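Because the structure is a prediction, the values reported are computed rather than measured. Letters A, B, ... mirror the listed sequences (proteins, then strands); counts begin at 1.
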2 protein chains.
Amino acid sequence: MAGVSVATVSRVINNRKNVSEKTRNKVEQAIRELHFEPNVLARNLRNSESRLLLVLIPSISNPFYTEIINGIEDTAIEQGYNILLCETDSNPEREAIYFNLIRNRLADGIIIMDPTINRENLIELARMHPVVQCSEFDEAGNISYVTIDNELAAYQAVKHLIKLGQRKIALINSDERFLYARERRRGYEKALMEAGLPIETSWIYHTGKLGFEYGQQAMRSLLNVKNLPTAIFAVSDILAIGAMKEILSRGLRIPDDIAIIGFDKISFSNMTFPTLTTVAQPMYAMGSISAKMIINKIKGKKVESIILDHELIIRNST
Amino acid sequence: MAGVSVATVSRVINNRKNVSEKTRNKVEQAIRELHFEPNVLARNLRNSESRLLLVLIPSISNPFYTEIINGIEDTAIEQGYNILLCETDSNPEREAIYFNLIRNRLADGIIIMDPTINRENLIELARMHPVVQCSEFDEAGNISYVTIDNELAAYQAVKHLIKLGQRKIALINSDERFLYARERRRGYEKALMEAGLPIETSWIYHTGKLGFEYGQQAMRSLLNVKNLPTAIFAVSDILAIGAMKEILSRGLRIPDDIAIIGFDKISFSNMTFPTLTTVAQPMYAMGSISAKMIINKIKGKKVESIILDHELIIRNST
DNA sequence: CCATTCAATGTAAACGATTACATCAATCGT
DNA sequence: ACGATTGATGTAATCGTTTACATTGAATGG
């Protein structure tokens, strides 16, 4: 339509120099009239890049992850990448599907928040493709990650309870297949031992999944123990909030009868009554940094793992 | 490596007949040894299908949408499609990026939950590509949708308050660029009028966005009105929960001093104190049906719009 | 006036798959 | 025994871009 070759059109589209003003105008005019849109598949096929980032999360329902995703998305878009958000539900089959998208070059790189599944597969994937781990990680494959010091954070959280005079502190933990669960438990135990408090196994409860109902159930179970705890450290705000619900429905007061502290600082944690003391994770930054890391990796640069700061947010539940 | 032509390899990969057992084995062996993975870009370029579904949501932080997504994802995967989840933030620029993915054939179809932006663009897109609207919709382009009867649901919610003897009922609405906001307001007004109650504009508050803090702010504003309302209908649980927080922090009791009803039945709504009366939307079904509709559309079948049932969930806040 | 240079543009190969059509050898029916 | 049929395989075009290289023509300098 503009009376030029495809090469010239390509030059115009990609803003190359060496195109005369006149032809450039003609081509741009034609593009407008035809509503022409370059086919991304063909472009990617030629360039062998897709400018797509895969993001694997265990569950989209957890506000902790959605905040991370906000960080990833903003940074990715800024750098000309779009994200492909995939929920694995910790299901190996789903994970396999998404790993194949990477092998197929449908996406240039992958950010993973759930490496509990299929360790070997992950390591093998990372050998050939750009991979970054966010929050959860596995040292094994030498895959870079961004996370916080979970053990220290848990230690400080429990220490805060101890400083308030608490001596009977229970732990509501999630599945210890997750690294954070193992680390936070270690922090919990360290704080207790340091204060000369015994570690009561009847005060440690493991939930299978994350969800308010699991927190409720955990609390229900802990309230049936002979020697009642007077404080709770839950490894997730979600669990803590469920537990609070159960405590209140038994007619007990927070923090007077039972104090409770959560983890993550999801926005809902400030809406409960009383408001929940918690450990803030820099979720947005974690996402944003993950995105920068994966893009650098895609570009062939070397990237270093990083451990970000957390912060204890003291509110009314302790 | 297998000593055959690319055509034969393609036949093996796609499980075509007309390949002898012997060659098939040779090729499969080679595929295994080389860790060969077909390049999806090239395949899509040729077939012009990607088996990818675009899902556009205004915000990933709203549990209402994440539940819909669960429905979409389960159904899509079952049918061999993957989803590309995109947050628009009601930002036209982002939307344009994602619309282009469709035009470029990077995805086969699109499910939209935020048609407030760029109406003409949407209608034009739908002329050429499979589009389904979920929850929000615009009749204009004759684009199929799945949603609920928002006006009726709001009407019933307010009627519930009236039956409880409430006569001073405020409305916390969100941005009326959203269809659901306009419809729920209509239901609110209809219920009031039917009961012979006046519509007080000072009792109607519009928030710019969704988020707990906006609900708080709305309530703060409503508590400054001379003629205090004694009941609140909020068009979203998120707003209702923020409002509850504000009510309680003023030392008022729910529902004794102020009753409140929300909308959506997000999981949080059962964790508040007191628990929140709300209107349940069949979010999972909405997602699941949207996915089925878009896949049928992609396959060239005709699809009908559908209006699903809602349900009033009476809990302790009223 | 001619050789040289340079900017603008065109030509055609490449990316990696799919597939219509061509080819070939083996088998079959009469 | 020979053409027809069939199944297995190969050849080459195709999808829509990008880009190395070739070509063109005008401007420049001696």
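Listed for the B:Ser288 side chain is no donor-acceptor partner under 3.5 Å among the backbone atoms of B:Gly71.
Going from atom CZ of A:Arg43 over to atom C1' of C:dA14 covers 17 Å, rounded to whole Å. In this structure, B:Phe36 atom CZ and C:dG16 atom P are separated by 9 Å, rounded to whole Å. To the nearest angstrom, P of C:dG16 lies 14 Å from CG of B:Leu34. Between the CG atom of B:Asn39 and the P atom of C:dT18 there is a distance of 10 Å, given to the nearest Å. A straight line from CG of B:Leu41 to C1' of D:dT14 spans 17 Å, rounded to a whole angstrom. The distance from atom CG of A:Asn47 to atom P of C:dG16 is 12 Å, rounded to the nearest whole Å. One can place CG of B:Leu45 at 17 Å from P of C:dA14, the figure rounded to the nearest angstrom.
Heavy-atom distances under 4.0 Å link DNA chain C to A:Asn18, A:Val19, A:Ser20, A:Thr23 of residues 18-27 of chain A, given in residue order.
Counting any heavy atom pair closer than 4.0 Å across all strands shown, A:Glu37 reaches sugar-phosphate atoms only and no base atom. Among the atoms of the strands shown, only primed sugar atoms or phosphate atoms (P, OP1, OP2) are found under 4.0 Å from some heavy atom of B:Thr8. Residue contacts for B:Val40: at a heavy-atom cut-off of 4.0 Å it reaches no nucleic acid atom on any strand shown. When heavy atoms are screened at a 4.0 angstrom cut-off, B:Val9 is found touching no nucleic acid atom at all. Contact annotation for B:Asn14: backbone-only contact, meaning every heavy-atom pair under 4.0 Å involves sugar-phosphate atoms and none involves a base.
Atom-to-atom distance recorded for A:Phe178:CZ and A:Leu210:CG is 7.0 Å, nearest 0.5 angstrom.
Using a 4.0 Å cut-off, no side-chain N or O of B:Arg16 falls inside it from OP1 or OP2 of C:dT18.
Within a 6.0 Å sphere centred on CZ of A:Arg182, other residues, nucleotides and ligands contribute more than 12 heavy atoms. Within a 6.0 Å radius of CD in B:Glu33, more than 12 heavy atoms belonging to other residues, nucleotides or ligands are found.
Looking at B:Arg119 and B:Asp138, a side-chain N of the basic residue comes within less than 4.0 Å of a carboxylate O on the acidic one, giving a salt bridge. Between B:Asp175 and B:Lys209, none of the side-chain N atoms (NZ, or NE/NH1/NH2) sits under 4.0 Å from a carboxylate O, so this pair counts as no salt bridge. One finds no salt bridge joining B:Lys26 and B:Glu28 here, because no Lys/Arg side-chain nitrogen approaches an Asp/Glu carboxylate oxygen to under 4.0 Å.
Relative to the side chain of A:Arg46, the nucleotides D:dA13, C:dG10, C:dA14 differ in distance, and C:dA14 lies closest. Closest approach to the A:Ala42 side chain among C:dG16, D:dT19, D:dT17 is made by D:dT17 (side chain taken as heavy atoms from C-beta onward).
Helix bend of the helix from C:dC1-D:dG30 to C:dT30-D:dA1: the angle between its two end axes, each built from five pairs, comes to 60° after rounding to 10°.
With hydrogens and angles left out, the side-chain atoms of B:Asp74 and B:Tyr284 include a donor and acceptor closer than 3.5 Å. A:Gln281 and A:Asp264 form a side-chain donor-acceptor contact under 3.5 Å, judged by distance and modelled atom types alone. Between the side chains of B:Asp89 and B:Ser59, no donor-acceptor pair of N or O atoms lies under 3.5 Å.
A residue-by-residue look at B:Ser5 and A:Arg11 shows that B:Ser5 has its nearest nucleotide of DNA chain D further toward the 5' end.
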